[in-house]
Engineer: 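Handing you a structure now.
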Amino acid sequence: MGLGETLLAGLLVMVLAVALLSNALVLLCCAYSSKLRTRASGVLLVNLSLGHLLLAALDMPFTLFGVMRGRPPSAPGACQAIGFLDTFLASNAALSVAALSADQWLAVGFPLRYAGRLRPRDAGLLLGCAWGQSLVFSVAALGCSWLGYSSAFASCSLRLPPEPERPRFAAFTATLHAMGFALPLAVLCLTSLRVHRVARSHCQRMDIVTMKALMLLADLHPSVRQRCLIQQKRRRHRATRKIGISIASFLICFAPYVMTRLAELVPFVTVNAHWGILSKCLTYSKAAVDPFTYSLLRRSFRQVLARMARRLLKRTPRPASTRNSSLDLASMVQQVLKRTPHPASTHSSSLDAENDSCLQQTH
């Protein structure tokens with residue numbers, strides 16, 4: 001095994017370890033908290049994390065074996081089963097990300113009607129459609145004997161058939177990536193644009209309330225005022241940063257592999273083995289990135305992890321701080337915000353809470 005294979009094997013081992021640990025934590029959080037698993041978004045997250053966990057446990061080790069040994073598993077029929085699982089889980093992961101993006105748009109764009117628009121039962125039906133689409137492509141590839149060991153990617157997945165079957169395989173591959181990559185990417189971009197517009201509108205309303213509160217609180221210390229303005233600026237860029245990370249991670253993880261698969265269909269193109277394995281590792285890295293992008297970095301999941309850690313260590317939560325200055329300042333802000341007129345918004349309570357927390361943190 002050369003230097004390139006050693007580096008790629010090390011990268012794959014790191015992705016495998018992070019994917020197993022992070023997705024297991026997401027499933028533990030959903031199992032521990034009934035509030036998380038009973039929401040529609042919780043159903044989608046459980047499906048995504050379970051698929052990533054199966055991919056890391058059942059598919060990645062065989063790719064690691066292929067990188068290190070340069071040959072497929074010796075058990076009869078094992079490579080076809082792994083290729084079936086790889087095709088199914090990869091397509092299902094992309095469609096699940098699109099479903100999560102649509103769920104986020106409904107939650108942000110229609111907060112009062114969100115519970116009626118997308119219930120856990122509706123999320124289950126949506127996932128049923130995603131499973132059905134992924135299953136159709138996987139069964140079709142298995143029925144046409146297009147699943148096997150691909151030396152260019154050192155994995156059991158789709159492989160180039162003999163020359164007479166190339167046109168049918170090319171049509172199948174183009175359709176697979178159109179429905180499993182281009183369609184989820186279009187849904188992700190469209191819904192993210194809508195979410196960004198709503199978030200920017202809410203930030204503008206919060207900026208108006210914050211500025212009026214700071215103008216009315218004339219005796220506020222200049223350092224507190226400056227920190228609130230800095231927090232206000234960070235809030236404007238928070239939504240853009242989160243949306244940019246979700247779209248960038250989808251493109252970085254899936255686009256190289258999809259483009260390489262499409263380029264492989266051209267007769268005079270030969271895929272370099274190191275590049276093919278690297279592109280496959282990037283698709284696997286989506287299983288390690290998604291738990292942090294959609295779950296573990298959110299406040300609700302952090303709170304559940306903290307409760308689990310306290311219960312494991314048998315510690316009671318530390319009582320909240322009772323400094324008189326912070327309480328007085330918080331009550332002043334609440335009175336000012338109640339008296340200050342601002343545009344009607346369905347998120348007015350959340351705006352007040354964020355301004356209060358800003359002043360409490362900076363005092």
Side-chain angles (χ1 to χ4, degrees), residues 1-20 52 55-91 93-94 137-138 141-142 144-174 176-177 180-181 249-289:
M1 190 170 61
L3 178 61
E5 287 78 7
T6 303
L7 294 176
L8 291 171
L11 175 63
L12 192 55
V13 168
M14 183 178 63
V15 170
L16 173 61
V18 175
L20 286 174
H52 286 331
L55 186 70
L58 302 179
D59 190 11
M60 292 188 195
F62 292 97
T63 302
L64 179 62
F65 178 84
V67 173
M68 298 176 64
R69 298 294 181 88
R71 57 185 176 87
S74 57
C79 203
Q80 285 74 19
I82 297 166
F84 179 89
L85 190 67
D86 178 83
T87 306
F88 175 79
L89 293 177
S91 179
F137 283 107
S138 302
L142 182 63
C144 295
S145 301
W146 291 336
L147 296 175
Y149 182 75
S150 176
S151 57
F153 302 93
S155 63
C156 296
S157 59
L158 292 173
R159 64 175 179 180
L160 284 174
E163 191 63 36
E165 298 183 20
R166 291 287 179 88
R168 283 200 309 153
F169 180 78
F172 172 82
T173 304
L176 171 64
H177 293 309
F181 172 74
S249 66
F250 190 90
L251 285 173
I252 292 174
C253 293
F254 285 130
Y257 181 73
V258 172
M259 296 304 169
T260 305
R261 278 297 189 181
L262 295 177
E264 188 184 27
L265 301 175
V266 181
F268 57 84
V269 173
T270 302
V271 178
N272 180 269
H274 289 166
W275 169 251
I277 297 172
L278 179 60
S279 65
K280 191 65 177 178
C281 290
L282 288 177
T283 62
Y284 288 149
S285 66
K286 196 76 168 73
V289 172

Engineer: Taking it one step at a time, do Asp86 and Phe62 satisfy side chain to side chain contact (heavy atoms under 4.5 Å, CB included)?
Structural biologist: CA-CA 11 Å; Asp86 178 83; Phe62 292 97; over 6 Å; no

Engineer: Looking only at heavy atoms, what is the nearest atom pair of Ala273 and Ser151, with distance?
Structural biologist: CB-O, 4.5 Å

Engineer: Rounded to the nearest 0.5 Å, what separates atom CG in Leu64 from atom CZ in Arg69?
Structural biologist: 10.5 Å

Engineer: Restricting to ring-ring contact (aromatic ring centres under 6.0 Å, His included), what partner residues turn up for Tyr284, sequence neighbours left out?
Structural biologist: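 ring-ring contact (aromatic ring centres under 6.0 Å, His included) check on Tyr284 returns nothing, list empty.
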
Engineer: List the steps and the verdict of side chain to side chain contact (heavy atoms under 4.5 Å, CB included) for Leu85 and Leu55.
Structural biologist: CA-CA 8 Å; Leu85 190 67; Leu55 186 70; over 6 Å; no

Engineer: Rounded to the nearest 0.5 Å, how far apart are CG of Leu282 and CD1 of Ile252?
Structural biologist: 8.5 Å

Engineer: From Phe84 CZ over to Cys79 SG, what is the distance, rounded to the nearest 0.5 angstrom?
Structural biologist: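 Spacing of CZ (Phe84) from SG (Cys79) equals 14.5 Å.
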
Engineer: Taking all non-hydrogen atoms of both residues into account, name the closest pair between Ser150 and Glu264 and its distance.
Structural biologist: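 Looking at all heavy atoms of both residues, the shortest contact is OG-OE2, 4.4 Å.
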
Engineer: Compare every heavy atom of Ser157 with every heavy atom of Arg261, then report the nearest pair and how far apart it is.
Structural biologist: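 Of all heavy-atom pairs spanning Arg261 and Ser157, the closest is NH2-OG, 2.7 Å.
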
Engineer: Mind listing the closest non-hydrogen atom pair of His274 and Leu8 along with its distance?
Structural biologist: O-CD1, 3.9 Å

Engineer: With distance as the sole test, does Ser279 use its side chain to make a donor-acceptor pair with the main-chain N or O of Gly276 at under 3.5 Å?
Structural biologist: yes

Engineer: Say you draw a straight line from CG of Leu11 to OG of Ser285; how long is it, rounded to the nearest 0.5 Å?
Structural biologist: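 So the gap between those two atoms works out to 8.0 Å.
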
Engineer: Would you please test Leu176 and Leu158 for side chain to side chain contact (heavy atoms under 4.5 Å, CB included) and show each step?
Structural biologist: CA-CA 11 Å; Leu176 171 64; Leu158 292 173; 3.7 Å; yes

Engineer: Which pair of non-hydrogen atoms, one from Phe65 and one from Pro72, has the smallest distance, and what is that distance?
Structural biologist: CE2-O, 3.9 Å

Engineer: My understanding is that only one of Val67, Thr260, Thr63, Ile277 makes a side chain to side chain contact (heavy atoms under 4.5 Å, CB included) with Phe153; could you say which?
Structural biologist: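 Passing option: Thr260.
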
Engineer: Tell me, with the steps shown, if Ile82 and Asp59 meet side chain to side chain contact (heavy atoms under 4.5 Å, CB included).
Structural biologist: CA-CA 6 Å; Ile82 297 166; Asp59 190 11; 3.3 Å; yes

Engineer: Mind telling me whether Trp146 and Phe169 have parallel, tilted or perpendicular rings, with 30° and 60° as the class edges?
Structural biologist: perpendicular

Engineer: Are Phe181 and Phe250, when compared by the centres of their aromatic rings, separated by less than 6.0 Å?
Structural biologist: yes

Engineer: Compare every heavy atom of Pro73 with every heavy atom of Cys156, then report the nearest pair and how far apart it is.
Structural biologist: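 Looking at all heavy atoms of both residues, the shortest contact is SG-CD, 3.9 Å.
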
Engineer: Measuring only between side-chain heavy atoms, which start at C-beta, is Leu16 closer than 4.5 Å to Leu12?
Structural biologist: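 No - every pair of side-chain heavy atoms lies 4.5 Å or more apart.
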
Engineer: Kindly compute the distance separating CZ (Phe254) from CE (Met259), expressed to the nearest 0.5 Å.
Structural biologist: 13.0 Å

Engineer: For the CG atom of Leu142 and the OG1 atom of Thr87, what is their distance to the nearest 0.5 Å?
Structural biologist: 9.5 Å

Engineer: If we ignore hydrogens and angles and just use 3.5 Å, is the side chain of Ser138 paired with the main-chain N or O of Phe88 as donor and acceptor?
Structural biologist: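 The answer is yes, because a donor-acceptor pair under 3.5 Å joins these two groups.
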
